[in-house]
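Okay, so here's the structure we're looking at.
Both ligands and their constituent atoms are indexed starting at 1 by order of listing. The model shown is predicted, which means the values in this text are computed figures rather than measured ones.
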Amino acid sequence: MKTSTGVASSLLLKLDSRSPTPLHEQLFEGIRARILAGALVPGLRIPSSRQLATELDVARSTVLQALDALTAEGYLMARPGSCTRVAPELPLLAEDRSAAAARALNPDERRQDRASRGPRLAASARALKPLTAGAPRLGAAPRAFRPGVPALDLFPTALWARTVTRVHARASTGLLDGGDPSGHAPLREAIATHVSASRGVRCVPEQVFITAGTQQAFDEILRLALDPGDSVWVEDPGYPGARRAVLAAGGRPVPIPVDGDGLDVGEGLARAPRARVALVAPSHQYPLGATLSLARRMALLRWAGRTRALIIEDDYDSEFRHRGRPLTALQGLDDTGCVVYVGTFSKSMFPGLRLGFLVAPPSLVDVFAAARAAASAPASTLEQAALAVFLAEGHFARHLRRMRTAYRERGEALLEALHADCPGVLMPRPCDTGMQVCASLAAPLSDLDVRDEAARKGVEVAALSGYFLGRRRESGLVFGFGGVRPETLRAGTRALARALEVSSRR
Ligand SMILES: Cc1ncc(COP(=O)(O)O)c(C=O)c1O
């Protein structure tokens, strides 16, 4: 009788004919796993293909296919006219066999073992481990009010698709052939023109290096700037991606408090005067939304100029000033060449594009170019070329203008809805730029508790206390409104109000 599971009693193997994995592959894997586990010892005679086929109730050709593959990979030895045996020389060390056998037979133990063993890591990698808890959940569809999500519903997808198709269709062999590791030249030019005009950044195209977004820019800059253990000023509360990049580069993040005037430069000088790098978002601090005051900008530049420190300016969303022209970048005030400006297309286009850029000070252009020469191109040349066309043809500037209006409307709608649905519990900070707002939470509510309760009700907000590296000085919620259409917004704030009610009863 044909069963769904065939058993080779002589080898303790089972096959499952209902599995989507072909039978010959199951047999291959089964024998291989038992050899690696030491259960089938070197030199052991393997039953004939005919016997195995009978035991497993499969065609002999299935068995032969598996045995041939095992022989080709060196697990089995087949001599003409003789039986097939487990190869006498296997890469597995004899003393590891019993442990390996246990691992092969016990999946739970195998999982645990993988976590506790494995190659030894650098201290910088071990420091990253505890941070995975706060890492973004990749792949999950964004819900109201996940911070950092742009208005993807308003992105001109058809226009972008046409631009990409046109560039692909007309691609020269030069474009198809790898590309410049520093970035596609026309894109570097278009970016230099754009940031000079719209952000007051002083640069020529040679200073612009294309990146796969902000995170890659941080990684690259920090790797060039830091020796192991060097201190880096990071905003507190601040962008978790910045701290992760510092730790990954072997640096020591030093939390510097942020207030209504942005990073407290005086505190930075007191806590870590010899830091090698300051990582700041001067135009729109994340997550509090403050702008670094002019006095502090000057103090920061003076400190960096005097100590030869580097300032990384994270300018992730300041294009979206709701009214008036965007604020001028810190880089535009830098006379000593200590600022590396970092921009991204994650907000102004869409995060999945994974394109951004850094603008190196003139004295560092050579070292960035040399670092790039040792790496591969940062992103697909065709996508870079399409983006260059998008900028040059004015589509990007038009899209930014539309987004500014949309974010103003969405931000105002959120503040009104919070006022109506959660009166007296949430105190929003001023919101004149970008696509998120931070609101303080009336004591004694715990922002972590409210966040979790809101999540249970289908609303995604971030807890302000999760953004602190040092002492948690404030409890609040961070709302992203960029991706939330005004007509769907009230459902979110009402659900949040219910979550606040539940939390306040605890
Ligand atoms: C403060 C800050 N900087 C930069 C970014 C953009 O990162 P990336 O360009 O790697 O997508 C974000 C995204 O949310 C951010 O919040």
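Ion pairing between Asp153 and Arg410 holds under the 4.0 Å rule for side-chain N and carboxylate O. Ion pair Asp259/Arg296 flagged as a salt bridge, since at least one NZ, NE, NH1 or NH2 atom sits closer than 4.0 Å to an Asp/Glu carboxylate oxygen. Ion pairing between Arg505 and Glu453 fails under the 4.0 Å rule for side-chain N and carboxylate O.
Between the side chains of Arg398 and His395, at least one donor N or O sits under 3.5 Å from an acceptor N or O.
Looking at residues two or more places apart in sequence or on another chain, you find a salt bridge (charged side-chain N to carboxylate O under 4.0 Å, His left out) between Glu220 and Arg372.
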Expected rows: ligand 1 N/O, protein N/O, dist below 3.5 Å:
from     : atom 1 : to     : atom 2 : distance (Å)
ligand 1 : 3 (N)  : Asp314 : OD1    : 3.3
ligand 1 : 3 (N)  : Asp314 : OD2    : 2.7
ligand 1 : 7 (O)  : Thr214 : OG1    : 3.4
ligand 1 : 9 (O)  : Thr214 : N      : 2.8
ligand 1 : 9 (O)  : Thr214 : OG1    : 2.7
ligand 1 : 9 (O)  : Thr344 : OG1    : 2.7
ligand 1 : 9 (O)  : Ser346 : OG     : 3.3
ligand 1 : 10 (O) : Thr214 : N      : 3.2
ligand 1 : 10 (O) : Gln215 : N      : 3.2
ligand 1 : 10 (O) : Arg354 : NH2    : 3.0
ligand 1 : 11 (O) : Ser346 : OG     : 2.7
ligand 1 : 11 (O) : Arg354 : NH1    : 3.0
ligand 1 : 11 (O) : Arg354 : NH2    : 3.4
ligand 1 : 14 (O) : Lys347 : NZ     : 2.8

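Looking only at side-chain heavy atoms (C-beta outward), Val459 and Thr493 stay at 4.5 Å or farther from each other.
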